[in-house]
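Data block below; observations after.
All values below were derived from every heavy atom in this structure, side-chain atoms included, with hydrogens, water molecules and symmetry-related copies excluded. Chain letters run A, B, ... following the sequence lines, proteins first, then strands; residues in each count from 1.
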Number of protein chains: 2
Amino acid sequence: MATAMHRDEAEAHLRAAGLKVTAPRLAVLEAVTGNGHLDADAVHARVVDALPGTPLQSVYNVLGALHGAGLLRRIEPAGSAALYESRIGDNHHHVVCTRCHAVADVDCVVGEAPCLVPSTAGGFAIHTAEVTFWGLCADCQREATG
Amino acid sequence: MATAMHRDEAEAHLRAAGLKVTAPRLAVLEAVTGNGHLDADAVHARVVDALPGTPLQSVYNVLGALHGAGLLRRIEPAGSAALYESRIGDNHHHVVCTRCHAVADVDCVVGEAPCLVPSTAGGFAIHTAEVTFWGLCADCQREATG
DNA sequence: GCAGTTGTTTTGAATGGATCAAAACAACTG
DNA sequence: CAGTTGTTTTGATCCATTCAAAACAACTGC
């Protein structure tokens with residue numbers, strides 16, 4: 001839990017994005033903010049704490065809306081369900097544990113966003129680069145060598 | 001269609017990997033080799049040409065086995081089904097069209113595999129890096145600006 | 001060559017993440 | 001405060017993929 005989001009902050013973000021301010025949206029925004037990388041189920045679990053009875057479908061809708069509005073970033077590592085994170089605006093990368101699927105952020109490793117150099121490969125007009133590292137998380141290293 | 005694979009070549013690869021040589025496996029290997037990035041359905045379509053009646057399930061089994069043996073590489077770009085390619089051994093990257101999902105290979109853009117520098121981020125022992133670029137393919141650029 | 005063993009293919013069914021659609025509802029506008 | 005429009009909810013459906021058991025065929029040793 002890094003930076004939890006205050007209700008009024010969340011509200012401001014929603015309004016700025018031209019979205020109506022609703023309880024499920026505030027709940028999802030608070031659930032994701034500062035809590036790493038969560039899939040729809042994990043978000044749902046947190047949302048239900050704050051807003052009992054909220055259906056999973058609503059979480060999907062809200063996540064879709066917030067992602068569409070640029071308020072949430074979405075990643076889909078191979079083998080995992082879609083994950084959402086609140087850290088946006090910078091283009092950082094991710095490490096995924098090949099054993100337990102844990103995810104952590106990685107700031108661009110080599111100097112200034114080296115992997116992001118826009119280029120034209122094979123006639124494609126590239127606008128984004130996404131880097132996913134694969135490895136073993138600390139816990140799984142222990143269990144593997146132990 | 002770059003390098004099509006001959007039957008005996010395919011056989012050798014299978015044996016080298018300790019896999020039994022079977023018709024479906026040869027068919028899948030030939031279907032994927034030199035044909036870019038194919039999902040299970042696309043592979044199935046090709047396999048059925050050579051081996052009528054082959055069920056999709058068998059294609060899944062074979063793709064799984066060949067991938068497990070390191071004979072096929074598997075990528076899973078967000079929003080697409082799993083794709084298989086025969087180009088292995090080098091660690092190249094991919095561009096995916098955000099409009100039509102076409103995929104092309106990209107050799108590492110900045111010098112010598114800059115994105116692959118193994119490092120230790122957040123306690124993870126990284127062993128692989130995967131770079132996915134997103135952009136518009138030539139065709140979609142035309143249709144978008146046209 | 002031929003039978004046995006083991007791994008593969010096939011048949012059939014099930015899973016899970018996610019999406020679609022329509023009805024019930026609530027947030028913003030004036 | 002009523003109307004309008006966007007949201008949430010209910011409920012159903014989709015698709016890629018995986019699981020399981022039975023039918024089968026590739027390799028081994030004889």
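- Protein chain A contacts DNA chain D over a range whose 5' and 3' limits, counting nucleotides with an atom under 4.0 angstrom from a non-hydrogen atom, are D:dT5 to D:dG11.
- In this view, B:D139 and B:R142 satisfy the salt bridge (Lys or Arg N to Asp or Glu O under 4.0 Å) rule, not counting sequence neighbours.
- Per the geometry, NE2 belonging to A:H101 stands 12 Å off P belonging to C:dG17, to the nearest Å.
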Run the side-chain donor-acceptor check on residues 59-70 of chain A: report pairs under 3.5 Å with partners two or more places apart or on a different chain.
{"from": "A:N61", "atom 1": "OD1", "to": "A:Q57", "atom 2": "NE2", "distance (Å)": "2.9"}

Give every donor-acceptor pair under 3.5 Å between a side-chain atom in residues 96-103 of chain A and any protein atom, sequence neighbours left out.
{"from": "A:T98", "atom 1": "OG1", "to": "A:G135", "atom 2": "O", "distance (Å)": "3.3"}
{"from": "A:R99", "atom 1": "NH2", "to": "A:E143", "atom 2": "OE1", "distance (Å)": "3.4"}

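- Residues that satisfy the side-chain hydrogen bond (donor to acceptor under 3.5 Å, both in side chains) test with B:R74, not counting sequence neighbours, are B:E76, B:Y84.
- Within residues 47-75 of chain A, the residues approaching DNA chain C are A:Q57, A:Y60, by heavy-atom distance under 4.0 Å.
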Any chance you could encode DNA chain C as dot-bracket? Rule is Watson-Crick or G-U wobble with both distances under 3.5 Å; [ ] for pairs crossing earlier ones, | for another strand. ||||||||||||||||||||||||||||||
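- In this structure B:D105 satisfies the salt bridge (Lys or Arg N to Asp or Glu O under 4.0 Å) test together with B:R87, sequence neighbours excluded.
- Pairs passing the salt bridge (charged side-chain N to carboxylate O under 4.0 Å, His left out) check and including a residue from residues 14-23 of chain B, sequence neighbours excluded, read B:E11-B:R15.
- Side-chain contacts under 4.5 Å among hydrophobic residues (ILVMFWY), followed directly or transitively, place A:I88 with no other residue at all.
- With sequence neighbours left out, the ring pair (Phe, Tyr, Trp, His ring centres under 6.0 Å) criterion links A:H94 to A:H37, A:H92.
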